[in-house]
Amino acid sequence: MGNYKYIETILIPIFVLLLSLNYVMPCNLTTNFYDKTCPKALATIKGSVRAAVARNPRNAASLVRLHFHDCFVQGCDASILLEGTNSEKASQANNGVLGYNLIDDAKAAVESVCPGVVSCADILALAARDATVAVRGPSWPVRLGRRDSTTFNADEAASDLPRGNFNLNQLIDNFRRKGLNAREMVALSGSHTIGQARCVTFRGRIYNSSLNIDTAFNSSLSESCPQTAPNGDSNLQPLDLMTPNRFDNNYFRNLVSSRGLLISDQVLFNRDSTDSIVTEYVNNPSRFDSDFAAAMIKMGEIDVLTGTNGIIRTRCTAAS
């Protein structure tokens, strides 16, 4: 019963927050979209995701990131999953993105119970939610009915995905162009409470940044990430030093202690306009949970294809 009460306390503020932001939801998406055409879809996807996270907790972060990287390039249309020459998937901007096989597994499981019905774009959205819940994060309603694109856009991946070395103004502008405000940007950055990053993405934080960094933290990072590339490029460090496999607000506590792993993490708390949001999330983890959930709903409905637009792929990797 405790879990149901927790979910209820999260979902009510989410709807209030979305209304206060004057968020207009795409009218063709509904939470019960598959109730008649594939009633076992949601349970099947949840089971596949939970099994993946049980095998490796890092899979939770991979699935959240995959959904994010999809939505920021021509909308939430599963274009990141398509394979081919000059694909988004092969773009340098998506180098290091994982979890494609997990979506393939979930798709195969759904196809076995109702072939040709559930889109890969909807699976990405549901998987991100279910993965978050699997590591003790908040839940949120996922409105369904997205359809899959037949094209990808590697150029847009190169230009529209945020980078780990972005400063605060670049982050705010990047998210603003996707219809997300600064508060939503900070909340979504909180997904870095789980997962890991490669040395190549945080080397600049250690050796070429004016941002404050905790001395002991810096020393520890230096041991695993040599200054001269490509030495140690693939060495991993947790994005959240305290609880890397649990969704909580310790990511923000790390920022206050100058222990943000990426430059784009630490700029959120650096005597600037988002400091107050970080402090609020440190002091009020429930507010972080509700803001994160609301931001995920809004992000997950960016430029979706519905109705007769797009297709339902039978394999997520191919436009067929």
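- By the salt bridge (charged side-chain N to carboxylate O under 4.0 Å, His left out) test, Lys46 pairs with no residue at all, sequence neighbours left out.
- With Arg146 contributing its side chain and Arg143 its backbone, the two residues share a donor-acceptor pair below 3.5 Å.
- Other residues, nucleotides and ligands contribute at most 12 non-hydrogen atoms within 6.0 Å of the CG atom of Asn208.
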_Determine whether Asp291 and Arg183 satisfy the following criterion, salt bridge (Lys or Arg N to Asp or Glu O under 4.0 Å), listing intermediate values before the conclusion._
CA-CA 8 Å; Asp291 279 5; Arg183 186 179 192 89; 2.8 Å; yes
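- Of the possible polar contacts, none joining the Asp148 side chain to the Ser119 backbone as a donor-acceptor pair under 3.5 Å is found.
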*Show your reasoning for whether salt bridge (Lys or Arg N to Asp or Glu O under 4.0 Å) applies to Arg205 and Asp265.*
CA-CA 10 Å; Arg205 170 80 169 114; Asp265 292 326; over 6 Å; no
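- Judged by the 6.0 Å distance and 45° axis criteria, Lys89 is not positioned over the aromatic ring of Phe152.
- The existence of a salt bridge linking Lys178 and Asp160 is confirmed by a sub-4.0 Å separation between a basic side-chain nitrogen and an acidic carboxylate oxygen.
- With sequence neighbours left out, Arg176 forms a side chain to side chain contact (heavy atoms under 4.5 Å, CB included) with Asp173.
- In this structure, Leu180 is a member of the same hydrophobic cluster as Val73, with clusters built from ILVMFWY side-chain heavy atoms closer than 4.5 Å.
- Using cut-offs of 30° and 60° on the angle between ring planes, the pair Phe72 and Phe175 is perpendicular.
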_Show, in sequence, the C-alpha distance, side-chain angles and deciding distance for Asn250 and Asp248, and conclude whether the side-chain hydrogen bond (donor to acceptor under 3.5 Å, both in side chains) test is met._
CA-CA 6 Å; Asn250 281 332; Asp248 54 28; 3.3 Å; yes
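- A donor-acceptor pair is defined here as one N or O able to donate and one able to accept, closer than 3.5 Å; no such pair exists between the side chain of Lys107 and the backbone of Leu102.
- At least one donor-acceptor pair under 3.5 Å links the side chain of Asp122 to the backbone N or O of Gly145.
- Between Arg253 and Asp240 there is no salt bridge, since no side-chain N of the basic residue sits under 4.0 Å from a carboxylate O of the acidic one.
- Considering every non-hydrogen atom in both Ser48 and Asp105, the closest pair reads OG-C, 3.9 Å.
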*side-chain hydrogen bond (donor to acceptor under 3.5 Å, both in side chains) between Ser258 and Asn212: does it pass, once the steps are laid out?*
CA-CA 6 Å; Ser258 300; Asn212 289 337; 4.7 Å; no
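- The closest donor-acceptor contact from the side chain of Gln266 to the backbone of Gly260 lies under 3.5 Å.
- Applying the ring pair (Phe, Tyr, Trp, His ring centres under 6.0 Å) criterion to Phe202, with sequence neighbours excluded, gives no partner residue.
- In terms of heavy atoms, Glu88 sits closest to Ala157 at CG-CB, 4.3 Å.
- Within the 3.5 Å criterion, the main-chain N or O of Gly307 finds a donor-acceptor partner in the side chain of Arg147.
- Although no hydrogens or angles enter the test, the distance criterion places no donor-acceptor pair under 3.5 Å between the side chain of Ser219 and the main chain of Ala216.
- Ring planes of Phe247 and Phe292: tilted class, angle from 30 to 60°.
- At a threshold of 4.5 Å between side-chain heavy atoms, the hydrophobic network of Ile, Leu, Val, Met, Phe, Trp and Tyr places Trp140 and Leu63 in one connected group.
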